[in-house]
Structure formats: structure tokens, C-alpha cells
Undergrad: 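What follows is a single structure, and I will ask about it in a moment.
For clarity, every value in this text was computed on a predicted model and none was experimentally measured. Here is how names work: the chains are called A, B, and so on, in the same order as the sequence lines, proteins then strands, and each is numbered from 1. Atom set for the values below is all heavy atoms of this structure, side chains included, hydrogens, waters and symmetry mates excluded.
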Number of protein chains: 2
Amino acid sequence: MYTISDIARLTGISAYTLRYYEKIGVLPDPTRQEGRKNGIRRYSDQDLRFIRFIHGLKQTGMKLEEIAAFVQEGCLLADDYPVMHVDETLKKRIEILDEHLEHLEKQMQQLEAVRNFTLEKRAFYVNLQAQRGPIK
Amino acid sequence: MYTISDIARLTGISAYTLRYYEKIGVLPDPTRQEGRKNGIRRYSDQDLRFIRFIHGLKQTGMKLEEIAAFVQEGCLLADDYPVMHVDETLKKRIEILDEHLEHLEKQMQQLEAVRNFTLEKRAFYVNLQAQRGPIK
DNA sequence: CCTTGACTTCGAGTTTACTCTAACACTTAC
DNA sequence: GTAAGTGTTAGAGTAAACTCGAAGTCAAGG
């Protein structure tokens, strides 16, 4: 089990930000030491993996608001939520992920395009350099 | 030749933003109609391509400040800048591009990782759905 | 016992990147 | 000639995502 500063160290997200994310629903409430209300946050390996996943979504352009929507669906899912709505919740989560997958595809394409363009530019400059002959 | 609103339409960057970019050095000063000082900005196809390239750098995570540094190197290059410094300028531009290329590689890897993770998550939810049996 | 690190709420400050308005000038097309 | 589109400077406003400090509490370790 990890503390909040462990998680901060392991993920590169500050403790301030982790609490902030929790407050705005971007991260689910972690379990607390001894289940007390204001006990120390205890994160499992699974929690760590989840936080890294969320961080990945964020770093690939998903807005905090969108992430929060996704996470909230999952929180409903985890509890003894009325069975009738579980299918809805699963459907929504899948939809959100599908949308992000599309976004990821677009980003990959753009990244590829920018990379090619950048390589071209680079080659152009290198060529200019070569034309000027070796530098003494 | 294009006007600023043509460029806005063609790139999706507002005229406000284009002028702003120009002011902070993210875009080079374009030529003006009849070479007058405050004449209408005239953009060539080459300018358009360059703006798209810059926009690509921005959209793949280069900060405006970094882009400005890159562009400023280029502006020096374009003028009758002391020949002794041209090699320096070329070297710097190539360095900046190389750094961004590294950044692009990292982003691609992360995108790939997040994509895989997202696909896994998606599969997990689909599996849950399947286990609950077909929905009436 | 006392330091350290965790917890809370609340709210202010920062950074980045726009986004727009005001107020005024100029040119071109209808 | 007047409207549309362009130009200028300066500055205010906005939004997202932090980032931090204050002020107070609590619990464990040396």
C-alpha cells in the first residue's frame, strides 16, 4: 500500500494535484487507513495502475471534465447500484473509451504528419549546412 | 496570395490569434500589400505551409515560447545576417527540431501505450456486458 | 515531547493561451 | 459615400489546470 506522497513520487503528479483530482472527481476516493473518515489515503497497486491510466488519458488530451465523467460512471458501477442501470453504465463507459480511441487515432495520424514535416525541415537545414561546406 | 481571414479559414486559427502569434514571435511578419508598413498582410502558399507546420508543432505539444525561439532563429537566417552566424543559426534550428522529434517519439510511444491500455479496459467492459447476457 | 507527514476547508495566485473590445485610421467595392 | 474588411495599440476578460498557503487537527516514530 502507498501513501499519497508515494503516489506523487511514482507518478510525477503532486500531492496537491492528486487531492485536487479527487475533489473534482477525476480520481475515485481511495480507501483510508482503518476506514476512518479522515484517515490517511492508502493506495493499492491496482489504484496506482488506475491512476497511471487516468494520467495517460489526460496526457493524450482528454479533458479533466471528460475524465471525471468517465470515472463517475465507474464509481456507480462499483457500488451496489441498481442492477437495471449497470448495462447503461457499461455502455457509457465503452462509448467514452471509443470516443477517446478515435481521438487517439487522430492524434497518432497528426503526430505522424508533423514528424514527417519536421524530418523534411530538418533535412532541408542539414542540406543548407552541407552546401556551405564543412565548418572550419 | 491570401489575406488574414483566408488563413484563418484555411487553418482554423482565428485572425486574433494569428496577429497574437505574430506579436509574440510565433509567426514571422508576413509581407504587406505594396510593401507599405501598415498595409494588409499578404500570405503566400509557402507562408500557409509554414503556418500549418507551426500549428502542427503547437498541437503536438511544443510551447509557444519554444516555437517563438525556433521561428526567431529562422528570421535571422532569412535576412542578410552576418555570414559567420548562419552556421550557428542552422545548428540551433536543427537542435530544436531534434528535440521536438524526440518529444514526438515519446508522445507516439505514450499514445500507443494509452491506446493499448484503453483497448484492454474496453475489452474488460465488453466482457462484463457479455457475462450479463444479452439485453432484452 | 516533538517533529514529520498526513488530514481538512477555503480561497487566493499563477501560467498559458487565447479572445475580444475599444477607439481610431485606411482602402476598396458596390 | 458607406459598409466591409483591413490595420494599430492597449488592455481587460476568460478558461483550464494547477499550485500554494493558512490555520487548524491528528497519529506514529525516535
Side-chain angles (χ1 to χ4, degrees), chain A residues 1-44 47-48 51-52 54-72 100 103, chain B residues 1-44 47-48 51-72 100 103 107:
Chain A
M1 297 297 256
Y2 309 100
T3 66
I4 198 164
S5 52
D6 291 333
I7 297 294
R9 192 171 27 77
L10 291 166
T11 61
I13 308 170
S14 79
Y16 286 132
T17 305
L18 287 167
R19 293 198 196 96
Y20 170 67
Y21 280 179
E22 205 180 301
K23 195 164 71 182
I24 66 173
V26 158
L27 290 177
D29 295 351
T31 57
R32 302 296 183 120
Q33 203 175 25
E34 296 165 42
R36 243 188 280 85
K37 196 190 162 209
N38 284 0
I40 291 178
R41 289 168 178 81
R42 289 301 186 185
Y43 301 89
S44 65
D47 290 336
L48 175 57
I51 291 169
R52 283 186 165 142
I54 292 300
H55 196 209
L57 292 180
K58 203 249 145 184
Q59 295 212 309
T60 54
M62 198 185 277
K63 285 186 179 176
L64 295 186
E65 209 180 323
E66 296 169 323
I67 298 176
F70 173 78
V71 171
Q72 290 324 297
H100 193 58
H103 175 76
Chain B
M1 295 299 255
Y2 308 100
T3 66
I4 197 165
S5 52
D6 291 333
I7 297 293
R9 192 170 29 75
L10 291 168
T11 62
I13 308 170
S14 78
Y16 287 135
T17 305
L18 287 167
R19 292 197 197 96
Y20 170 65
Y21 281 178
E22 205 179 302
K23 195 164 71 181
I24 65 174
V26 159
L27 290 178
D29 296 351
T31 56
R32 303 295 182 124
Q33 203 177 26
E34 296 166 39
R36 244 189 278 85
K37 196 191 161 208
N38 285 358
I40 291 179
R41 289 167 178 82
R42 289 301 185 184
Y43 301 89
S44 66
D47 290 337
L48 175 57
I51 292 170
R52 283 188 164 140
F53 171 56
I54 292 300
H55 196 209
L57 293 181
K58 204 249 146 185
Q59 295 212 308
T60 55
M62 197 185 278
K63 286 185 180 178
L64 295 185
E65 209 179 322
E66 296 169 321
I67 298 175
F70 173 79
V71 171
Q72 290 324 297
H100 193 59
H103 174 76
Q107 267 198 284

Undergrad: B:Y21 versus B:L64: any side-chain heavy-atom pair under 4.5 Å?
TA: yes

Undergrad: Between which nucleotides of DNA chain D, read 5' to 3', does contact with chain A run, using atoms under 4.0 Å from its heavy atoms?
TA: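 Terminal contacting nucleotides, 5' to 3': D:dA17 to D:dC20.
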
Undergrad: Would the distance check show the side chain of A:R41 and the main-chain N or O of A:R19 forming a donor-acceptor pair, the cut-off being under 3.5 Å?
TA: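 Not a single qualifying donor-acceptor pair exists.
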
Undergrad: Between atom CD1 in B:I24 and atom P in C:dA17, what is the gap in whole Å?
TA: 7 Å

Undergrad: Quick one: salt bridge (charged side-chain N to carboxylate O under 4.0 Å, His left out) pairs with a partner in residues 56-69 of chain B, sequence neighbours left out?
TA: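 As it turns out, there is no salt bridge (charged side-chain N to carboxylate O under 4.0 Å, His left out) pair with a partner in residues 56-69 of chain B once direct neighbours are skipped.
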
Undergrad: If you look at every heavy atom in B:L18 and B:A8, which pair is closest and at what distance?
TA: CD1-N, 3.9 Å

Undergrad: Under a 4.5 Å cut-off applied to non-hydrogen side-chain atoms, are A:M1 and A:Q33 in contact?
TA: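 No, every pair of side-chain atoms sits at 4.5 Å or beyond.
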
Undergrad: In residues 3-20 of chain B, which residues come under 4.0 Å of DNA chain C by heavy atom?
TA: B:Y16, B:T17, B:Y20

Undergrad: For A:T60, check side-chain hydrogen bond (donor to acceptor under 3.5 Å, both in side chains) against everything at least two apart and list the hits.
TA: A:H100

Undergrad: Taking NE2 from B:H55 and C1' from C:dA17, how many angstroms apart are they, rounded to a whole number?
TA: 12 Å

Undergrad: So, using side-chain hydrogen bond (donor to acceptor under 3.5 Å, both in side chains) as the criterion, who are the partners of A:R9 when residues are at least two apart?
TA: A:D6

Undergrad: Would a 4.5 Å heavy-atom cut-off, applied to side chains only, mark B:T3 and B:R42 as touching?
TA: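 Heavy-atom side-chain distance check passes, below 4.5 Å.
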
Undergrad: Might you work through the side-chain contact (heavy atoms from CB on, under 4.5 Å) test for A:I51 and A:Y2, ending with a clear yes or no?
TA: CA-CA 12 Å; A:I51 291 169; A:Y2 309 100; over 6 Å; no

Undergrad: Does some side-chain heavy atom of A:T11 sit less than 4.5 Å from a side-chain heavy atom of A:L48?
TA: yes

Undergrad: Between B:Q33 and A:Y43, who's closer to the 5' end of DNA chain C by nearest nucleotide?
TA: A:Y43

Undergrad: Quick check: on DNA chain C, is the nucleotide nearest A:K23 upstream (toward 5') of the one nearest A:I40, or the reverse? Name the residue that is more 5'.
TA: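 Nearest-nucleotide comparison on DNA chain C picks A:I40.
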
Undergrad: Which of residues 58-66 of chain B have a heavy atom under 4.0 Å from DNA chain C?
TA: B:K58, B:K63, B:L64

